[in-house]
Amino acid sequence: MRAEAEEQSLLYEGKRFESVAQSLSVRGYLRAIKPCTPPENVAELVFKLAKENGLIDARQPFGGMEKKFTFLSACGKALGHWVPNSMLHEVQTVEDATIFYQTPIDTRLPLDAIRSVELPENLHIQQDYVRFHPETDTMFGGKSAFPKSSTVVTGLKYKQKYRGHEAKKSWP
């Protein structure tokens, strides 16, 4: 019974960090976190730092807040990546810290992340907008499929890139 409970808690802890990593990968651009790619030997480095700080058992909870602080600050200095305040309560053992430091953090926009992924040949994602303007789109004599709808560009960034178009109204 106890072995099953320990196994279940390990599964939960792994999923907890996976869900946080997935959350960061989906909405990483909304968070104030630097991107991080963990080195190959991150597990060895974390366990070495744990032994230096007197933490021998990786599954044993930290002995107190002081030990946790010294260990996590040593990890942050060594790896150049700190545990965010919102996750400090979740890192309860050395094993939790290892899982955290093994998780890569990608802060790119999801649309930008798709650019680096090789897509199937039947799928195409258009990265830039296609805007209609009667002066530049002359395929059909400058006529739109939506003759009474204007193309309004509202953002300051895109006003320089795309021209707006005000459609002529036939009735006031």
Side-chain angles (χ1 to χ4, degrees), residues 7-43 45-46 68-69 72-73 75-93 95-172:
E7 188 176 317
Q8 184 118 13
S9 71
L10 288 176
L11 286 174
Y12 171 73
E13 288 172 1
K15 288 182 181 181
R16 180 177 61 197
F17 284 107
E18 287 174 14
S19 67
V20 170
Q22 183 180 7
S23 168
L24 282 175
S25 69
V26 172
R27 61 183 177 87
Y29 58 95
L30 296 175
R31 304 286 303 260
I33 294 178
K34 295 179 186 177
C36 176
T37 305
E40 294 292 323
N41 63 344
V42 70
L45 186 60
V46 170
K68 181 177 180 178
F69 174 76
L72 290 179
S73 63
C75 288
K77 288 176 187 173
L79 297 168
H81 175 63
W82 301 83
V83 179
N85 289 343
S86 62
M87 291 185 64
L88 279 173
H89 71 280
E90 294 181 3
V91 180
Q92 298 171 356
T93 63
E95 198 169 73
D96 290 343
T98 306
I99 293 170
F100 172 79
Y101 281 111
Q102 286 176 339
T103 306
I105 296 176
D106 186 13
T107 57
R108 294 180 293 170
L109 291 166
L111 185 61
D112 293 337
I114 288 177
R115 289 182 186 191
S116 62
V117 175
E118 188 169 326
L119 298 171
E121 61 184 50
N122 64 345
L123 180 62
H124 177 75
I125 295 177
Q126 193 167 344
Q127 300 290 336
D128 296 316
Y129 301 108
V130 176
R131 297 288 221 157
F132 172 78
H133 199 279
E135 295 173 10
T136 57
D137 298 326
T138 57
M139 180 181 270
F140 297 106
K143 294 188 180 184
S144 171
F146 307 100
K148 293 183 180 164
S149 91
S150 299
T151 306
V152 180
V153 182
T154 57
L156 293 175
K157 178 180 176 183
Y158 292 108
K159 278 195 177 203
Q160 295 173 355
K161 191 172 182 179
Y162 303 108
R163 291 176 52 195
H165 163 67
E166 182 134 0
K168 294 178 183 173
K169 297 179 181 178
S170 60
W171 187 63

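For T138, there are no side chain to side chain donor-acceptor pair (under 3.5 Å) partners two or more places apart in sequence or in a different chain.
Across every non-hydrogen atom of H89 and S86, the tightest pair is CE1-O, 3.2 Å. A pairwise comparison of heavy atoms in L79 and P39 identifies CD2-CG, 4.2 Å as the closest pair. Contact record, E166 with S150: CA-OG, 3.6 Å, taken as the closest heavy-atom pair.
With a 6.0 Å radius and a threshold of 12 heavy atoms from other residues, nucleotides or ligands, L119 has its CG atom above the threshold. Within 6.0 Å of atom CG in N85, 12 or fewer heavy atoms from other residues, nucleotides or ligands are found, so the atom counts as exposed in its surroundings.
Summarising the geometry, atom OG1 belonging to T151 is positioned 12.5 Å from atom OH belonging to Y162; distances are rounded to the nearest 0.5 Å. Interatomic distance, T154 OG1 to K159 NZ, rounded to the nearest 0.5 Å: 7.5 Å. Note that the CD1 atom of I125 and the CG atom of L123 stand 5.0 Å from one another [nearest 0.5 Å]. Rounding to the nearest 0.5 Å places NZ of K68 at 9.0 Å from CG of D96.
Here side-chain hydrogen bond (donor to acceptor under 3.5 Å, both in side chains) pairs that include residues 118-127, with residues two or more places apart or in two chains, are R115-Q127.
Remark: the backbone N or O of D112 is not paired with any side-chain donor or acceptor of S116 at under 3.5 angstrom. At distances below 3.5 Å, not a single donor-acceptor pair connects side-chain atoms of K34 with backbone N or O atoms of G80.
Between H81 and F100, the two ring planes are parallel [angle under 30°; tilted spans 30° to 60°].
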Discussion item. Quick one, V83 with Y101, criterion side-chain contact (heavy atoms from CB on, under 4.5 Å). Give me CA distance, side-chain angles, the key distance, then yes/no.
Written reply: CA-CA 9 Å; V83 179; Y101 281 111; 3.8 Å; yes
